[in-house]
Amino acid sequence: MRTPLLRSAARTWRRKLPGAAGAALLAGALLAGTSAGAARAADATPTAPAAAASVQAAALPPDGDTVASPPGANDWTCRPSAAHPNPVVLVHGTFANRYENWLVLSPLLKSLGYCVFALDYGTVPGITSSGSRLLLPIGGLAPVPDSAAQLGRFVDLVRGATGAAEVDLVGHSQGGMLPNYYLKFLGGAAKVGKLVALAPSNHGTTLDGITNLAPYFPRVAELIYTACAACRDQAVGSDFNRRMASRPDTVPGVRYTVISTVYDEVVTPYRSQFLDGAGGAGAAAVDNEVVQAHCPLSLAEHVAVAFAPTALHLVTNALDPAHATPVLCG
C-alpha cells in the first residue's frame, strides 16, 4: 500500500525543509532544481577485474559518474518485474545532483518494486565537482541539447543492463523539460513509455520577471550564462525555446504527466509548465496536474515539490495508472 510509504516520505520531507528553504534562495537567483548539499562519492577508481563488483557495491553507474546514488537507485543487477516492466530513470534539475534531488522518491519507487536509476548530467569541469572537487556537487549547467544527449546515452545503458525495451522518465525542473528535447529531436520516443515532470521549465521561465532585467545588466547576465548555459536556454524567448516551439509539445506514443505547484517561484508563470497534447490522430496523452487541486493546504514550492507527499503520490499514480489510488493531502 502507498499510504505508509507516503507517511514515511512526509517525515523525510519535514526533516528536509530547512535545507530546502535555504536552497530556494539559490533557486530564486538561478534556476535551481533542488536543495544544495550533496554527498561526495568515493575517490577510488575501480581497476579491471574488480570493476564490475566495485560498480555494484558503490552503486555507481558504468559511465564513470562520481556522485553518490540516492538510496534505492542504480542497482545494475535489477531486472524489471511483470508488474513494473519499465525501469524508471530519474533526471535532476539545474544546480542539482541525483543524490539530493531524489532522496525521497528513489527509495519510495524502489520499495514499490521498480528498478530505479538516476544520472548526473550537465557538469562543467572547473565549475562543478567533476573538475574542482567542490563539496557541493552540482550539475544541470551545460547546454540543454548536450545534456539531453547525455540522458540518451544513460537510457541506452539502462536498457542494455535491464533488457527493457522502454524506460519511464521522472524529472524535476530542467530535468522535467530536457527529456522532451530527447523525445522530440534525438529519437527518444521509441525508448520511453512515460514522462512525468515535476515543475518543468517546458516553455521557459521569467524567474518572476528577473529574466526581463537581463538586457539592463548585460555583463551580469553574460557571467551567469557563461557558467550556466542551461540558464540561458531556459529563459523565456531563448533560441532553445524557439527550437522547442518549432514542433508540437508532445510526441505520439509517450504518456506525459506534468505536476505543478501554484507557489512555484522559479518556473514562472506556473501554468507555462503545462503541455498541450493536441495534435490530431495519435496525439500523446497529457495530464496537467496541480498539487493544490488535490491538497489546497500544500505550500510546496519549486524545490519542495520534489519531496511533497501529494506530488509524490501523483508521480506513483502516473507511473502506474492502472493501480492509481486517491491522492493524499500532505
Side-chain angles (χ1 to χ4, degrees), residues 2 72-73 78-93 98 101-102 104-106 108-119 121 148 151-152 154-159 161-202 247-260 273-279 282-291 294 305-306 310-325 327:
R2 289 189 173 92
C78 187
R79 296 296 177 267
S81 65
H84 302 301
N86 287 4
V88 177
V89 174
L90 304 177
V91 190
H92 65 72
R98 63 181 179 180
N101 218 146
W102 306 120
V104 177
L105 183 59
S106 177
L108 172 60
L109 293 178
K110 184 69 172 179
S111 71
L112 292 173
Y114 291 91
C115 290
V116 183
F117 297 88
L119 81 158
Y121 69 88
L151 170 63
F154 191 84
V155 166
D156 288 342
L157 281 175
V158 171
R159 292 172 63 242
T162 62
E166 293 183 338
V167 303
D168 292 334
L169 303 176
V170 179
H172 178 219
S173 193
Q174 180 190 166
M177 173 275 294
L178 79 82
N180 212 13
Y181 186 93
Y182 168 58
L183 300 179
K184 285 185 177 186
F185 297 101
L186 302 180
K191 304 173 184 179
V192 174
K194 303 180 187 72
L195 170 56
V196 183
L198 291 153
S201 50
N202 280 326
R247 296 188 182 181
D249 272 1
T250 60
V251 178
V254 178
R255 185 181 183 94
Y256 295 77
T257 302
V258 174
I259 301 169
S260 304
Q273 301 170 18
F274 296 168
L275 293 173
D276 182 1
V286 177
D287 293 316
N288 292 307
E289 301 279 5
V290 179
V291 168
H294 300 272
V305 74
T310 299
L312 300 188
H313 199 153
L314 288 167
V315 171
T316 57
N317 278 355
L319 290 174
D320 190 7
H323 299 95
T325 58
V327 178

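One is the number of the first residue; the rest follow in order along the sequence.
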Within this structure, what is the [atom1]-[atom2] distance for the pair [X] and [Y], rounded to the nearest 0.5 Å?
X: Ser173; Y: Leu178; atom1: OG; atom2: CG; value: 10.0 Å
X: Asn180; Y: Leu169; atom1: CG; atom2: CG; value: 10.0 Å
X: Asp249; Y: Asp276; atom1: CG; atom2: CG; value: 5.5 Å
X: Leu314; Y: Thr257; atom1: CG; atom2: OG1; value: 9.0 Å
X: Met177; Y: Leu195; atom1: CE; atom2: CG; value: 11.0 Å
X: His92; Y: Leu119; atom1: NE2; atom2: CG; value: 6.0 Å

Exercise for review: For the pair Asp168 and Arg255, find out whether any cationic side-chain nitrogen is under 4.0 Å from an anionic carboxylate oxygen.
Suggested key: no

Check your understanding: Taking only residues two or more places apart in sequence, or in another chain, which ones meet Tyr181 in a ring pair (Phe, Tyr, Trp, His ring centres under 6.0 Å)?
Key ->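 With sequence neighbours excluded, Tyr181 shows a ring pair (Phe, Tyr, Trp, His ring centres under 6.0 Å) to Phe185, Phe240, given in chain and number order.
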
**Study point:** Derivation of the side chain to side chain contact (heavy atoms under 4.5 Å, CB included) call for Arg98 and Tyr121
**Key:** CA-CA 9 Å; Arg98 63 181 179 180; Tyr121 69 88; over 6 Å; no

Review point. Can you say whether the rings of Trp102 and His172 are parallel (under 30°), tilted (30 to 60°) or perpendicular (over 60°)?
Key: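 Because their plane-to-plane angle is over 60°, the rings of Trp102 and His172 count as perpendicular.
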
Exercise for review: Examine distances only and state if a side-chain atom of His84 and a backbone atom of Leu112 form a donor-acceptor pair shorter than 3.5 Å.
Suggested key: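 Yes; at least one donor-acceptor contact below 3.5 Å.
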
Check your understanding: Between Lys194 (side chain) and Val167 (backbone), is there a donor-acceptor pair under 3.5 Å?
Key ->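 Flag not set: sc Lys194 to bb Val167 has no pair under 3.5 Å.
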
Practice item. Could you check Gln174 against Ser201 for side chain to side chain donor-acceptor pair (under 3.5 Å), going step by step and ending with a plain yes or no? Key: CA-CA 6 Å; Gln174 180 190 166; Ser201 50; over 6 Å; no

